[in-house]
Amino acid sequence: MLHGKQTWWFDKRPVIIGAATVVGPDEGEGPLAADFDLVHPELDMQQKSWEKAERLLLEQASEMALKYAKVNKQQLQFYIGGDLMNQIISNSFAARTIGSPYLGVFGACSTSMESLAIASLIVNSGSGEYVMAGTCSHNCTAEKQFRYPTEYGSQKPPTAQYTVTGAGAAVVAKAGKGPIVECATIGKIMDLGITDPFNMGAAMAPAAVDTLQAHFNDTGRQPKDYDLIVTGDLAGVGHPIAKDLLKRDGVPIDDTVFGDCGLMIYDVEKQKVQAGGSGCGCSAVVTYGHLLKRLQQGELKRILVCATGALLSPLSYQQGETIPCIAHAVAIESPMHN
């Protein structure tokens, strides 16, 4: 099962038998809009608070994922999830609705692949037949908790990123039809001393590079073994840094397509999203919406999703702490790939 130092190899080949994504209006105006299952036209989604709107996103995504997987709540054995809110309340309250045994996790914006890795590990070990992974974020809840209330209208520098309003959920099973989770590389904390919460991309880039290098070392694979490698949400600042660091270390990253979910979800030239997307929902909706569809259709044979997370809190920032970061990578194979 353990392959090298940091990688779980899933020899039983767990399958993503159902996945769903729900997003907000800005994401619905982006280039991937057609790949999302539900687009809300308003940020409040007719809820009394931003936090309740975020919870609704996840409840709807999880409900649709179960429907697509043809699995009912009684059959679902575990739910793994987390988000950006204090005490991961969006997932804890949504798990109350889902009703399955629940493991709450926190990896900031890396939570999408952290939860998918754990769900796949449970299924691969034989400890569960149907396990769901899910995560979410909302632009206004993140602004309210980490920066300023949305109504304040604070100005942001070009290095800042725009939190994705969206939720993604995936049901992993021991058998069935769908993309196959091959392996997962669990990242280490990286902290290069950055303290600016408006420059998350630069803070997270070294973590992405460290995890990608660990993945290649553990598996013996090279970038060319993947049709696409995407980082979670390094966006316009962090993604070029990651690419330069990989090249500096001799990783032939130009042998494949190297993208970033934070740059894919929006039209950064036309939409007012600063450097690009971020948030727990960013890599979740791009992966469970856009990328899984391309795998299902055989357009992609194998991808590597390296979701990144900045593990700061409002309290740590106020105390002048630097920003520790992490990245988790999951390799997913098309069901049509022989």
Side-chain angles (χ1 to χ4, degrees), residues 3-10 13 16 31-32 35 109-110 112-113 116-117 120 178-187 190 201 204-266 268 275-277 282-309 326-338:
H3 213 78
K5 295 181 178 180
Q6 297 173 228
T7 300
W8 294 332
W9 193 268
F10 303 129
R13 296 172 67 78
I16 300 174
L32 306 184
D35 288 332
C109 304
S110 71
S112 63
M113 292 304 106
L116 180 60
S120 302
I180 298 149
V181 185
E182 290 190 299
C183 58
T185 300
I186 307 304
M190 301 291 290
M204 294 187 291
V209 170
D210 187 74
T211 298
L212 288 172
Q213 289 179 319
H215 177 81
F216 296 137
N217 290 335
D218 286 352
T219 62
R221 290 179 174 175
Q222 294 292 320
K224 66 181 179 181
D225 295 314
Y226 294 96
D227 296 318
L228 174 68
I229 297 175
V230 291
T231 47
D233 48 0
L234 299 182
V237 175
H239 191 253
I241 294 173
K243 189 171 187 177
D244 288 344
L245 290 174
L246 288 167
K247 288 182 176 180
R248 181 202 66 183
D249 295 342
V251 178
I253 196 63
D254 285 337
D255 288 351
T256 188
V257 178
F258 185 45
D260 182 80
C261 296
L263 293 174
M264 295 166 67
I265 192 168
Y266 297 123
V268 294
C282 183
S283 57
V285 299
V286 173
T287 301
Y288 296 152
H290 177 62
L291 297 181
L292 289 194
K293 285 181 173 64
R294 294 185 66 190
L295 286 167
Q296 286 276 32
Q297 295 162 3
E299 295 177 29
L300 296 171
K301 295 179 180 179
R302 179 186 287 139
I303 66 172
L304 183 64
V305 183
C306 184
T308 49
I326 198 163
H328 303 299
V330 176
I332 309 174
E333 187 181 73
S334 167
M336 302 174 67
H337 184 214
N338 296 319

**Q.** Donor + acceptor pair across side chains of Asp249, Gln213 (<3.5 Å)
**A.** yes
**Q.** Non-neighbouring partners of His3 that pass ring pair (Phe, Tyr, Trp, His ring centres under 6.0 Å), sequence neighbours left out
**A.** Trp9
Q.
Testing the basics here: between Gly187 and Ile326, what is the closest heavy-atom pair and its distance to 0.1 Å?
A. O-CD1, 3.6 Å
**Q.** Test log, rule side chain to side chain contact (heavy atoms under 4.5 Å, CB included), inputs Lys224 and Thr256
**A.** CA-CA 5 Å; Lys224 66 181 179 181; Thr256 188; 5.8 Å; no
Q | Pair Glu299 + Lys293: basic N to acidic O under 4.0 Å | A | no
Q) What closest approach, in Å, do Leu234 and Ala205 show between heavy atoms, and which atom pair accounts for it? A) CD2-N, 3.8 Å
**Q.** Short side-chain to backbone donor-acceptor contact, Asp227 and Arg302, under 3.5 Å
**A.** yes
**Q.** Flag, side chain of Gln6 to backbone of Ile186, donor-acceptor distance under 3.5 Å
**A.** yes
Q. Side chain to side chain contact (heavy atoms under 4.5 Å, CB included) between Glu182 and Ile332: does it pass, once the steps are laid out?
A. CA-CA 6 Å; Glu182 290 190 299; Ile332 309 174; over 6 Å; no
Q | Heavy-atom pair of closest approach, residues Ala208 and Thr231 | A | CB-CG2, 4.1 Å
Q) Under the salt bridge (Lys or Arg N to Asp or Glu O under 4.0 Å) test, which residues partner Lys5, sequence neighbours left out? A) none
Q: Measure the SG-CE distance between Cys282 and Met264 for me, rounded to the nearest 0.5 Å.
A: 9.5 Å
Q | Inter- and intrachain pairs under ring pair (Phe, Tyr, Trp, His ring centres under 6.0 Å), touching residues 224-251, at least two apart | A | His215-Tyr226, His239-Phe258
Q: Using a strict cut-off of less than 4.0 Å between a Lys/Arg side-chain nitrogen and an Asp/Glu carboxylate oxygen, indicate whether Lys247 and Asp254 qualify as a salt bridge.
A: yes
**Q.** From CD1 (Ile265) to SG (Cys261), nearest 0.5 Å
**A.** 8.0 Å
Q | Which atom of Gln296 lies closest to which atom of Met336, heavy atoms considered | A | O-SD, 3.3 Å
Q.
Between Ile229 and Ile303, does the side chain to side chain contact (heavy atoms under 4.5 Å, CB included) criterion hold? Intermediate values first, please.
A. CA-CA 6 Å; Ile229 297 175; Ile303 66 172; over 6 Å; no
Q: Tell me, with the steps shown, if Val230 and Val286 meet side chain to side chain contact (heavy atoms under 4.5 Å, CB included).
A: CA-CA 10 Å; Val230 291; Val286 173; over 6 Å; no
Q: Indicate whether the side chain of Asp233 and that of Thr308 have a donor and an acceptor atom separated by less than 3.5 Å.
A: yes
**Q.** Distance, nearest 0.5 Å, that separates CG of Leu116 from CD1 of Ile16
**A.** 5.0 Å
Q.
Looking at Ser334 and Lys301, would you say the former's side chain and the latter's main chain have a donor-acceptor pair under 3.5 Å?
A. no
(Q) Testing the basics here: between Thr7 and Cys183, what is the closest heavy-atom pair and its distance to 0.1 Å? (A) CG2-CB, 4.0 Å
Q: Using modelled atom types only, decide if a donor and an acceptor are shared between the side chain of Asp255 and the backbone of Pro223 within a distance under 3.5 Å.
A: no
Q. Under 3.5 Å, side chain of Asp225 to main-chain N/O of Gln222, donor-acceptor pair present?
A. yes
**Q.** Thr185 and Thr211: side chain donor to acceptor below 3.5 Å
**A.** no
Q: Give me the one residue out of Val305, Val330, Leu295 that meets side-chain contact (heavy atoms from CB on, under 4.5 Å) with Thr287.
A: Val305
Q: With rounding to the nearest 0.5 Å, note down the distance linking CG in Leu292 to CD in Gln297.
A: 11.0 Å
(Q) Please find the pair of heavy atoms, one from His328 and one from Met113, that lie closest to each other, and give the distance. (A) O-CB, 3.6 Å
